[in-house]
Amino acid sequence: MSKLKRTHTCGQLRTKDIKTTVNLSGWVNSVRDHGGLIFIDLRDRYGITQVVFNPDKGKNLYETAQQLRHEYVVAIQGTVSARPAGTTNPNLDTGEIEVYADTIEILNKSETPPFEIGNESNVSLELRLKHRYLDLRRPIMQKRLIFRHKICQTIREYFDRLNFVDIETPVLTKSTPEGARDYLVPSRINLGKFYALPQSPQLFKQILMVAGYDRYFQIVRCFRDEDLRAQRQPEFTQMDMEMSFVDENDIIQVIEGLMAIIFNKVIGKKIATPFPRISYKEAMTSYGCDAPDLRFGMKIKDISDIVKTSSFKVFLDVIKSGGQIRGLNATGCSNYSRKDIDDLTAFVGQFGAKGLAWFKVEETGLTSSITKFFSAEILEKIKQRMDAKSGDLLLFVADKPKVVCQSLAQLRLHLGHKNKLIDANTFNFSWVVDFPLFDYNEDLKRYEALHHPFTSPHPDNLPFMEERPLEVKARAYDLVLNGVELGGGSIRIHTPEVQKRVFRLLGINDENAYKKFGFLLDALKYGAPPHGGIALGIDRMVTLLSQLDDIREVIAFPKTQKATCLMTDAPSEVDAEQLKELGIRLV
RNA sequence: GGGGCCGUAGCUCAAUUGGUUAGAGUACCAGACUGUCGAUCUGGAUGUUGCGGGUUCGAGUCCCGUCGGCCUCGCCA
């Protein structure tokens, strides 16, 4: 260890410290060698301080200073001095002062780094991930991870104050059907058997409610073995909580309070609560998705009823086969060229839409290559339905509801960004509520849980659950921020009877249910209190609050799109001996 | 599993319809310089054009394959 134990950080010294002797430690950010005078910027995570080396202070000192290069780690001792008039640096918090070095110790040298440790990063993500220790050394990355820490710390303080208990749940647990693909871990002691890494601690937190803990929370890692996206990593972090003796509003209130305090303490902003609530049906009808971005309008409208009397075969065929015609008003976009519209058509094509019908709104009325199929009366009705004014462009998709929803939802976002309708500085929270409990999977020909199989049906719907499953409402709620699902939760089923009924509807017979979820069904038998909770994606939350769009920017060691770690080279092959012990043979 | 974009000096990029010795900025190295702070000035060194094959008189450029990174559809209760 250095004899020069640091007394201050590199972001700390001010004019009031002038004439004191200090020790600083840090990384050499830059060297400016004037021959007879050497300046270095010394950096640590608190800031940058300029250190001056003068040959008058001794030959050894000066010769050592001449050896300094980028990212050398040094400790110096020196005197804090006012900078001469005209040489202060307003860009540095410490720019009024500098430290005249008396002693320097090179604690470690550094090879020339593969990229510069500045705030500007033109460097490829690939290189950043490979040398993540250097990337994370950049002030901007340190700021992001510290920001994340502060959010997590605020969450912990908040829940602690409300009497929640932080309880750890297993990482080696049981593989369950449905949901995402599990990451599996072979068991050496039980050859041929596997643990799964948790997709979430869902069942454990419910069990904790049965155990009487009443209020649980955890900031916890979750794992899902699915393909990656900019917003999706195979391992991610959730703020997970569960409460007993509550209804939807209790959970919602606690989370609104949490978000308000995070904004207040971490960002210094006030946000209005309660957050608006929008039904799943309204979200799908007006925005085409269950996590609508409410920062701008451009709502989706249905014109199926209007155009069913037209002679446009494309529309008529779609209606006949149970589809719909919906569209949106691209306000002020009637100047779009043929190519612009072709591009939009290609855009919706990737979501399954076979085409994009369009009308330009002009003073004289609607113009398009397909107006001849529509009577003047129909065109007028379309214009009214779409609130169209001269200069607008109306875009329609005709297809199955699912395709229409997805392509219009994406088109709406696309146009919102393209036409700069979205204020990037607003934080728009909302709750999406009144979800259906079940969804019908056409491919598998069976019902699936929209949320998860432990979500409570609305009690009023229990009598007809088996007869009309799709009409059953779930006691579920999703928190949406700027069009991104931050998380979701529900009031859970707390009786074995209802839980078994839901399993049966999902095609899980009692025998299988016991095999997979017996511990839950058993637990529900022994006095399970009514309970519910929610989980929020921390990575997404931090990303959005940092106004970034890639969760890798707020995760210290993220994986690539192929789910590898470029720094450690995980996953990697293992010794034949290791496989043998596990009873595993590669095929 | 499908579709798309990208890969040239340590880094970020350029290189005309395929054309002669693959360049620039920056970083790096050396020298000069006592008030710089993106220091400056002078000089220098730096390439398996990801890899393999093909087309061609000639390939960084075109084609096929492969590896890697990214975006996306499916997938993600």
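Here is how names work: the chains are called A, B, and so on, in the same order as the sequence lines, proteins then strands, and each is numbered from 1. Source: prediction; values computed, not measured.
You'll find that the side chain of A:Leu566 is closest to B:G69, out of B:G69, B:G74, B:A30. With distances taken from any side-chain atom of A:Glu226 to the nucleotides B:G38, B:C75, B:G69, the minimum falls on B:C75.
Residue-level contact check: A:Thr49 touches neither bases nor backbone, having no heavy atom under 4.0 Å from any strand. If you check every strand for non-hydrogen atoms under 4.0 Å, A:Thr88 touches a base. Residue A:Arg83 is in base contact, counting any heavy-atom pair closer than 4.0 Å across all strands shown. Across all strands, A:Asp549 comes closer than 4.0 Å to no nucleic acid atom at all (heavy-atom distances). Looking at heavy-atom distances under 4.0 Å, A:Ile48 makes no contact with the nucleic acid at all.
A donor atom on one side chain and an acceptor atom on the other are not found under 3.5 Å apart for A:Tyr287 and A:Asp293. A:Asp33 and A:Gln66 share no side-chain donor-acceptor pair at under 3.5 Å. Between A:Thr169 and A:Gln218, the side chains place a donor N or O and an acceptor N or O closer than 3.5 Å (distance only, hydrogens not considered). Checking A:His70 against A:Tyr72 by side-chain atom types alone, no donor-acceptor pair falls below 3.5 Å.
Comparing the same atom, P, in B:U12 and in B:U55 gives a spacing of 34 Å after rounding to whole Å. With both ends at atom C1', the span from B:G60 to B:U20 equals 15 Å, rounded to whole Å. Between B:U17 and B:A32, the two P atoms lie 48 Å apart (nearest whole Å). Rounded to whole Å, the separation between the P atoms of B:G23 and B:G47 comes to 12 Å. Between B:U8 and B:G50, the distance separating the two P atoms is 6 Å to the nearest Å. Of the C1' atoms belonging to B:G31 and B:C13, the separation is 30 Å, rounded to the nearest Å. A distance of about 12 Å separates the P atoms of B:C62 and B:A15, rounded to the whole Å. B:U61 and B:U21 have their P atoms separated by 16 Å, with the value rounded to a whole Å.
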Exercise. Could you please spell out the steps behind the salt bridge (charged side-chain N to carboxylate O under 4.0 Å, His left out) verdict for A:Arg504 and A:Glu466?
Key: CA-CA 9 Å; A:Arg504 279 181 220 128; A:Glu466 280 74 12; 5.6 Å; no
Quiz item: Can A:Arg32 and A:Asp41 be said to form a salt bridge (charged side-chain N to carboxylate O under 4.0 Å, His left out), step by step?
Solution: CA-CA 9 Å; A:Arg32 294 177 294 280; A:Asp41 286 345; 3.0 Å; yes
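Here the side chains of A:Cys222 and A:Pro201 are in contact, with some heavy-atom distance below 4.5 Å. Contact check for A:Ile255 versus A:Met241: side-chain heavy atoms found under the 4.5 Å cut-off.
Note: A:Phe223 and A:Tyr183 have perpendicular aromatic rings, judged against thresholds of 30 and 60 degrees for the angle between ring planes. In this structure, A:Phe454 and A:His452 have tilted ring planes: the angle between them lies in the 30° to 60° band.
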Quiz prompt | Per-nucleotide protein contact string for nucleotides 4-14 of chain B (B base, S sugar-phosphate only, - none; heavy atom under 4.0 Å) | solution = ------SSS--
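In this structure, B:U16 makes no Watson-Crick or G-U wobble pair, since no nucleotide meets both defining distances under 3.5 angstrom. Using N1 to N3 plus N6-O4 or O6-N4 for Watson-Crick, or N1-O2 and O6-N3 for G-U wobble, each under 3.5 Å, B:G25 pairs with B:C11. Nucleotide B:G60 forms no Watson-Crick or G-U wobble pair with any nucleotide shown, as no partner meets the under 3.5 Å limit on both distances. The partner of B:A39 cannot be assigned: no Watson-Crick or G-U wobble pair with both contacts below 3.5 Å exists in any strand.
Phosphate proximity of B:A30 to A:Gln66: absent, as no side-chain N or O sits under 4.0 Å from OP1 or OP2.
Closest-nucleotide positions on RNA chain B for A:Gly86 and A:Gln202 were compared, and the one nearer the 5' end corresponds to A:Gly86. Each of A:Thr112 and A:Asn54 was matched to the nucleotide of RNA chain B holding its nearest heavy atom; the match closer to the 5' end belongs to A:Thr112.
With A:Val99 as the fixed residue, the side chain to side chain contact (heavy atoms under 4.5 Å, CB included) test singles out one of A:Leu24, A:Thr21, A:Asp17: A:Leu24.
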N/O contacts under 3.5 Å, protein versus nucleotides 70-72 of chain B?
{"from": "B:C70", "atom 1": "OP1", "to": "A:Arg552", "atom 2": "NH1", "distance (Å)": "3.1"}
{"from": "B:C70", "atom 1": "OP1", "to": "A:Gln561", "atom 2": "N", "distance (Å)": "3.2"}
{"from": "B:C70", "atom 1": "OP2", "to": "A:Gln561", "atom 2": "N", "distance (Å)": "2.8"}
{"from": "B:C70", "atom 1": "O3'", "to": "A:Arg552", "atom 2": "NH2", "distance (Å)": "3.4"}
{"from": "B:C71", "atom 1": "OP1", "to": "A:Arg552", "atom 2": "NH2", "distance (Å)": "2.4"}
{"from": "B:U72", "atom 1": "O2'", "to": "A:Gln350", "atom 2": "OE1", "distance (Å)": "3.1"}

Pairwise N/O distances under 3.5 Å, protein to nucleotides 39-42 of chain B:
{"from": "B:A39", "atom 1": "N6", "to": "A:Asp33", "atom 2": "O", "distance (Å)": "2.6"}

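One atom, CG of A:Asn89, and another, C1' of B:G35, lie 12 Å apart when rounded to the nearest Å. Computed from coordinates, the A:Glu448 CD to B:C75 C1' distance equals 12 Å when rounded to whole Å. What separates NZ of A:Lys57 from P of B:U34 is a distance of 18 Å, to the nearest Å. Distance, A:Ile97 CD1 to B:C37 P: 18 Å, rounded to whole Å. As a whole-Å value, the separation of A:Ile38 CD1 from B:C37 P is 16 Å. Remark: P of B:C28 and CD of A:Glu111 are 14 Å apart, rounded to the nearest angstrom. To the nearest angstrom, P of B:C37 lies 19 Å from CG of A:Leu42. Residue A:Leu37 contributes atom CG, which lies 13 Å from atom P of B:C37 at whole-angstrom precision.
The side-chain hydrogen bond (donor to acceptor under 3.5 Å, both in side chains) pairs that include a residue from residues 54-65 of chain A are A:Lys57-A:Asp102, where partners are two or more places apart or lie in different chains. Pairs of residues two or more places apart, or lying in two chains, that qualify as side-chain hydrogen bond (donor to acceptor under 3.5 Å, both in side chains) and include a residue from residues 432-445 of chain A are A:Asn441-A:Glu448.
Judged by atom type and distance alone, A:Arg224 does not reach the base of B:C76 through any side-chain donor-acceptor pair under 3.5 Å.
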Less than 3.5 Å apart, which donor and acceptor atoms pair up between the side chains of residues 86-93 of chain A and the rest of the protein, not counting sequence neighbours?
{"from": "A:Thr87", "atom 1": "OG1", "to": "A:Pro84", "atom 2": "O", "distance (Å)": "2.6"}
{"from": "A:Asn89", "atom 1": "OD1", "to": "A:Asn91", "atom 2": "N", "distance (Å)": "2.9"}

